[in-house]
Number of protein chains: 2
Amino acid sequence: MTEPPRAVFPVRDASAGPADLTLTPAGEPPRLRADAARNRKRLLEVAAELAAERGAANVTMEAVAAAAEVGKGTVFRRFGDRGGLMLSLLDHIEQQIQAAFLSGPPPLGPDAPPLERLRAFGPAVIRHEHAHRDLYMAAHREQSRRYNPSYQVRLTHLTLLLRQVGAPGDVELTGHTLQGYLDTVLVEYLLTSRGMPVERLDAGWHDLVDRLGTPR
Amino acid sequence: MTEPPRAVFPVRDASAGPADLTLTPAGEPPRLRADAARNRKRLLEVAAELAAERGAANVTMEAVAAAAEVGKGTVFRRFGDRGGLMLSLLDHIEQQIQAAFLSGPPPLGPDAPPLERLRAFGPAVIRHEHAHRDLYMAAHREQSRRYNPSYQVRLTHLTLLLRQVGAPGDVELTGHTLQGYLDTVLVEYLLTSRGMPVERLDAGWHDLVDRLGTPR
DNA sequence: CAGCTAAACGGACTGCGGTCCACTTTCATT
DNA sequence: AATGAAAGTGGACCGCAGTCCGTTTAGCTG
């Protein structure tokens with residue numbers, strides 16, 4: 001419960017009515033002391049290594065501490081809990097897709113018309129999450145902080161696009177609905193347990209966007 | 001990992017294409033030995049008591065075992081893990097709402113036209129989940145088994161109704177989308193953390209159903 | 001009713017997440 | 001350079017989920 005705000009894009013909220021999201025305290029991280037910063041970096045590196053070699057689900061806090069040659073308390077002080085560590089690991093990966101839809105090339109990025117961006121969003125996220133499912137699932141398991149900064153960024157983005165395409169109704173709720181469709185656990189369940197081809201999920205997304213996004 | 005199938009309504013699946021859901025092994029519970037059955041019952045009673053008095057989140061497996069005067073191993077043998085116990089506790093509660101929409105009075109039950117049932121479903125579930133949020137949240141925390149029998153029952157019901165109202169597109173995926181909107185954690189977040197009035201969620205549901213359910 | 005086997009039982013044991021607190025280090029101030 | 005306080009550190013410690021295995025018991029079979 002001590003972890004400084006995650007390195008999520010600042011996102012000055014250009015939309016979202018009552019959504020002043022207290023979750024991202026907005027100020028930049030309260031600078032760490034030199035030794036702390038060094039340790040934080042080492043911990044993340046080591047944790048990423050361990051996750052790569054034995055799967056994120058099998059990374060224990062103790063192992064991370066040991067491999068980084070610090071005390072266990074240090075890991076907890078820095079990341080709060082296991083969920084915090086996983087979220088921090090995810091940050092890096094999450095930034096890739098954030099960059100893609102906030103400032104990348106069309107059809108995802110800002111140079112495409114809103115409807116196209118909206119349609120492209122789903123397939124991109126689905127593939128991204130699937131590619132990094134190990135970490136996403138592990139982070140999910142520690143449900144502390146669902147509705148974390150990443151979620152908020154995606155939500156803000158979706159509601160913005162929805163407004164731009166003239167979506168009717170309660171745009172914020174529609175955003176949550178769309179996010180629900182992209183939920184990692186659901187996607188993984190459909191792809192893996194139910195064996196759906198990813199194209200079917202894509203089609204489902206396009207349908208959803210068409211129905212929820214168009215002015216009717 | 002030993003828990004016998006939950007006491008969910010058999011639900012001879014009248015719809016659901018590739019949904020032969022292996023999750024509910026369909027056969028009735030492989031009868032327990034007399035002592036085991038007795039203990040199972042005691043354990044559930046005791047667990048419900050403890051949950052009522054100290055909150056489901058604070059019920060430990062050991063405490064349940066102790067209060068029921070059995071060994072810890074017995075609790076685990078019976079319910080597999082904490083998630084299994086919580087799910088079993090929820091069963092009882094879940095059956096109430098299942099009964100309501102499978103065989104209760106209109107507008108939820110079978111004597112109302114499908115579109116009305118569909119529209120009534122959301123508000124009913126939202127209120128139900130909210131009323132029992134303690135258990136739903138606790139059960140959720142043990143994410144082992146999301147997409148459990150209860151989920152499947154709701155899904156089957158929703159897809160059936162969707163077909164009856166002539167919903168276009170991929171009805172199974174639409175069912176998952178609707179379920180996503182009713183996800184306990186999301187609902188709780190919106191109601192509690194975001195302070196939305198429940199009527200707003202109701203309205204969102206009606207909108208969603210209208211948009212996804214009507215033939216366009 | 002005796003005998004047998006699969007099921008159930010109990011509780012010691014392990015491993016991990018998370019807390020606590022006495023001690024050390026950084027770094028701003030003067 | 002000295003110094004004081006805030007920040008950081010490490011590791012013993014705690015509680016709980018989940019496992020393991022030697023013992024007990026239900027309940028069939030003859």
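So that the names make sense, note that chain A is the first sequence line, chain B the second, and so on, each numbered from 1.
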Interatomic distance where [atom1] belongs to [X] and [atom2] belongs to [N] [whole Å]:
{"X": "B/D81", "N": "D/dC20", "atom1": "CG", "atom2": "P", "value": "15 Å"}
{"X": "B/R78", "N": "D/dG18", "atom1": "CZ", "atom2": "C1'", "value": "16 Å"}
{"X": "B/F76", "N": "C/dC9", "atom1": "CZ", "atom2": "P", "value": "15 Å"}
{"X": "A/R77", "N": "C/dA22", "atom1": "CZ", "atom2": "C1'", "value": "14 Å"}
{"X": "A/M61", "N": "D/dG15", "atom1": "CE", "atom2": "P", "value": "20 Å"}
{"X": "B/N58", "N": "D/dC16", "atom1": "CG", "atom2": "P", "value": "10 Å"}
{"X": "B/K72", "N": "C/dT14", "atom1": "NZ", "atom2": "P", "value": "13 Å"}
{"X": "B/R141", "N": "D/dA17", "atom1": "CZ", "atom2": "C1'", "value": "11 Å"}

When the aromatic ring centroids of A/H130 and A/Y136 are compared, is their separation below 6.0 Å?
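Here the rings of A/Y136 and A/H130 have centres that are no less than 6.0 Å from each other.
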
Near-strand residues of residues 62-71 of chain B, defined as heavy-atom separation under 4.0 angstrom from DNA chain C:
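Contacting residues: B/V70, B/G71.
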
Is there a donor-acceptor contact under 3.5 Å linking the side chains of B/Q96 and B/H128?
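No, no side-chain donor-acceptor contact under 3.5 Å.
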
With the criterion being N/O to N/O and under 3.5 Å, what pairs connect the protein with nucleotides 26-30 of chain C, and how long is each?
residue: C/dC27; atom: OP1; partner: A/A34; partner atom: N; Å: 3.0

Look at the side-chain N and O atoms of A/N39 and state whether any lies under 4.0 Å from the OP1 or OP2 oxygen of D/dG8.
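No, because none of the side-chain N or O atoms of A/N39 sits under 4.0 Å from OP1 or OP2 of D/dG8.
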
Would you please confirm or rule out a distance under 4.0 Å between OP1 or OP2 of D/dG8 and any side-chain N or O of A/T74?
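No, because none of the side-chain N or O atoms of A/T74 sits under 4.0 Å from OP1 or OP2 of D/dG8.
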
Taking the side chain as C-beta and beyond, is there a heavy-atom pair between [X] and [Y] under 4.5 Å?
{"X": "B/H132", "Y": "B/I93", "value": "yes"}
{"X": "A/L173", "Y": "B/L208", "value": "no"}
{"X": "B/M86", "Y": "B/R141", "value": "no"}

Return the 5'-most residue of the pair B/G73, A/R82 with respect to DNA chain C, ranking by each residue's nearest nucleotide.
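Comparing both residues, the 5'-ward one is B/G73.
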
Roughly how far, to the nearest 0.5 Å, is the [atom2] atom of [Y] from the [atom1] atom of [X]?
{"X": "A/L102", "Y": "A/Q95", "atom1": "CG", "atom2": "CD", "answer": "10.5 Å"}
{"X": "B/E172", "Y": "B/R163", "atom1": "CD", "atom2": "CZ", "answer": "8.0 Å"}
{"X": "B/L118", "Y": "B/L178", "atom1": "CG", "atom2": "CG", "answer": "6.5 Å"}

Would you call the rings of B/H176 and A/Y189 parallel, tilted or perpendicular, where under 30° means parallel and over 60° means perpendicular?
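Geometry flag for A/Y189 against B/H176: perpendicular rings.
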
